[in-house]
Amino acid sequence: MNRQTVLVRSLVITAAAIFSACVLWIVYLVDTGAHTKSMFRVVFTISDQLTGGDKLGHFLLFGPFTLSINAALNFRRLGTGFYLGSLLVFCFTLAEELGQCFIPSRSFELLDILANSAGILLFTWFSVWAEQLLHPRPELTAVPARRF
């Protein structure tokens with residue numbers, strides 16, 4: 001690997017680690033009820049005032065999180081062709097939502113899982129685009145010759 005590749009990989013992994021820490025912190029703040037006193041309280045206030053703001057928040061939190069994890073894992077795919085990072089983020093969001101059944105101040109919502117899934121799916125598609133941009137494969141970019 002050349003220096004530029006190593007630098008880009010390091011930046012991608014660092015960004016994903018920071019994003020992961022932020023996601024975990026936000027989940028912790030909400031689960032403990034401390035989000036109203038945090039530096040994110042403005043975001044939560046706006047989210048609460050918007051119709052569907054909570055669902056938009058789920059979409060915008062876990063969608064980009066998916067892209068960052070896919071990039072950090074170098075767009076590793078499972079045997080089915082689906083990204084490992086997308087599956088990991090989905091499992092995390094599912095476990096987090098199901099875990100809310102055991103937290104008295106929280107409530108389980110199927111719509112939250114759907115909003116998470118929509119963000120994960122859209123940003124999985126963005127991952128395909130980003131992978132092609134960062135790791136172009138000649139067979140996908142070649143334009144076939146016209147036949148007359």
Side-chain angles (χ1 to χ4, degrees), residues 1 5-36 38-144:
M1 268 198 275
T5 304
V6 171
L7 178 63
V8 169
R9 289 288 311 137
S10 297
L11 289 173
V12 166
I13 291 170
T14 302
I18 291 169
F19 206 125
S20 298
C22 288
V23 167
L24 290 173
W25 188 29
I26 290 168
V27 168
Y28 168 77
L29 289 173
V30 173
D31 285 350
T32 60
H35 63 287
T36 58
S38 74
M39 62 188 250
F40 294 114
R41 69 182 170 276
V42 173
V43 174
F44 288 108
T45 302
I46 292 169
S47 172
D48 290 343
Q49 292 175 350
L50 289 173
T51 303
D54 174 51
K55 306 311 171 241
L56 181 63
H58 281 264
F59 180 87
L60 292 175
L61 181 64
F62 292 111
F65 184 45
T66 300
L67 178 59
S68 74
I69 296 299
N70 282 333
L73 293 174
N74 206 23
F75 303 101
R76 187 170 305 142
R77 293 176 183 254
L78 301 170
T80 59
F82 201 71
Y83 289 108
L84 173 63
S86 297
L87 180 64
L88 291 173
V89 171
F90 176 75
C91 290
F92 170 76
T93 62
L94 187 61
E96 199 279 321
E97 280 300 320
L98 292 173
Q100 290 179 14
C101 295
F102 305 103
I103 301 173
S105 63
R106 302 297 312 272
S107 61
F108 170 82
E109 289 187 47
L110 185 59
L111 286 177
D112 286 349
I113 294 174
L114 292 175
N116 295 343
S117 299
I120 291 166
L121 287 173
L122 179 64
F123 282 81
T124 295
W125 181 78
F126 288 160
S127 295
V128 172
W129 178 76
E131 179 184 21
Q132 182 59 31
L133 186 69
L134 296 171
H135 308 291
R137 293 185 293 189
E139 67 273 10
L140 296 178
T141 58
V143 178

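Since we're looking at a predicted model, the values are computed, not measured.
- Looking at Thr124 and Phe82, their side chains come closer than 4.5 Å, going by heavy atoms from C-beta outward.
- Taking 4.5 Å as the limit, every side-chain heavy atom of Phe123 sits out of range of all side-chain heavy atoms of Val89.
- Distance CZ/Phe19 to CG/Leu67: 9.0 Å, rounded to 0.5 Å.
- Listed for the Asn70 side chain is a donor-acceptor partner under 3.5 Å among the backbone atoms of Ser86.
- Residues Leu73 and Leu88 are in side-chain contact: their nearest non-hydrogen atoms beyond the backbone lie under 4.5 Å apart.
- No side-chain donor-acceptor contact under 3.5 Å links Arg76 to the backbone of Ala71.
- The environment of CZ in Phe108 is crowded: more than 12 heavy-atom neighbours from other residues, nucleotides or ligands sit within 6.0 Å.
- Counting all heavy atoms, side chain and backbone alike, Arg106 lies closest to Glu96 at NH1-OE2, 4.0 Å.
- You'll find the side chain of Asp112 reaches within 4.5 Å of the side chain of Lys55, heavy atoms only.
- For the side chain to side chain contact (heavy atoms under 4.5 Å, CB included) with Leu11, the qualifying choice from Val8, Thr14, Leu7 is Leu7, the only one to do so.
- Of the residues listed (Phe90, Phe59, Phe62), the one engaging Ser117 in a side chain to side chain contact (heavy atoms under 4.5 Å, CB included) is Phe90, and it is the only one.
- Atom CG of Leu56 sits about 11.0 Å away from atom CG of Leu61, to the nearest 0.5 Å.
- The minimum heavy-atom distance linking Ser68 with Ala16 is given by the pair O-CB, 3.5 Å.
- Heavy atoms only, all atoms of each residue included: Phe65 and Ser20 are closest at CE1-OG, 3.3 Å.
- The shortest side-chain heavy-atom distance between Leu133 and Trp129 falls under the 4.5 Å cut-off.
- Between His58 and Asp54 there is a side-chain heavy-atom pair separated by less than 4.5 Å.
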